[in-house]
Amino acid sequence: MLLIIGTIRLPAGKLEEARPVMERMISGSRAEDGCLEYSYARDVLDAGLIRVTEVWRDRAALDAHFRSPHIAEWRSSWPALGIGERNLVLYEAGEPTPT
């Protein structure tokens, strides 16, 4: 299992403009084979900070995701939305264990 955890930053005033393209990215990603979780969350204390959480079954699923049309659309929207800072980290994890 692969986890991608991190943040992206956009100007706080661009959030409503970004919402439709973010929704398409989330919906498209969640529909992909091998996507176990995909979410964006606005930070409570920093309006321009979006927290990203992704969980993928394996590398093949993640590689297919990187070739998807919705990720191409999302990436092409970054300049107009002012998205510049991205801090995403990929982790390999074992099977989930209840705590």
Please assess Leu81 against Val21 for the test side-chain contact (heavy atoms from CB on, under 4.5 Å), listing each intermediate value before the final yes or no. CA-CA 10 Å; Leu81 295 173; Val21 76; 3.8 Å; yes

Dump the intermediate steps for side-chain contact (heavy atoms from CB on, under 4.5 Å) on Val52 and Arg86, then the final yes or no. CA-CA 10 Å; Val52 178; Arg86 292 175 55 250; over 6 Å; no

Under the side-chain contact (heavy atoms from CB on, under 4.5 Å) criterion, do Ser39 and Arg30 qualify, and how do the steps go? CA-CA 9 Å; Ser39 63; Arg30 287 178 178 174; 3.9 Å; yes

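By the rule that hydrophobic residues join a cluster once side-chain heavy atoms approach within less than 4.5 Å of another member, Phe66 and Met25 end up as members of one cluster. Follow the hydrophobic side-chain contacts under 4.5 Å out from Ile50 and you never reach Val55; the two are in separate clusters. Under a hydrophobic-cluster definition in which Ile, Leu, Val, Met, Phe, Trp and Tyr are linked whenever side-chain heavy atoms come within less than 4.5 Å, directly or via other members, Leu88 and Leu90 are assigned to the same cluster.
Annotation for Glu17 and Pro20: closest pair O-CD, 3.4 Å, computed over non-hydrogen atoms. Looking at every heavy atom in both residues, Asp46 comes nearest to Asp43 through N-OD1, 3.0 Å. Contact detail for Pro11 and Gly82: the closest heavy-atom pair is CD-O, 3.5 Å.
Taking 4.5 Å as the limit, every side-chain heavy atom of Glu54 sits out of range of all side-chain heavy atoms of Ser29. Using a 4.5 Å cut-off on side-chain heavy atoms (C-beta onward), Leu2 and Ile4 make no contact. Using a 4.5 Å heavy-atom threshold, the side chains of Leu10 and Ile83 count as touching. Between Arg57 and Asp33 the shortest side-chain heavy-atom distance falls below 4.5 Å.
Once rounded to the nearest 0.5 Å, the distance linking CE of Met22 with CD of Glu16 reads 10.5 Å. Note that CG of Leu62 and CG of Leu3 are 11.0 Å apart. Values are rounded to the nearest 0.5 Å.
Side chain of Ser27 to backbone of Arg24: no donor-acceptor contact under 3.5 angstrom is found. Judged by distance alone, the side chain of Lys14 and the main-chain N or O of Gly48 form no donor-acceptor pair under 3.5 Å.
Residue pairs meeting the ring pair (Phe, Tyr, Trp, His ring centres under 6.0 Å) criterion with at least one member in residues 24-43, sequence neighbours excluded, are Tyr38-Tyr40, Tyr38-His65, Tyr40-Trp74.
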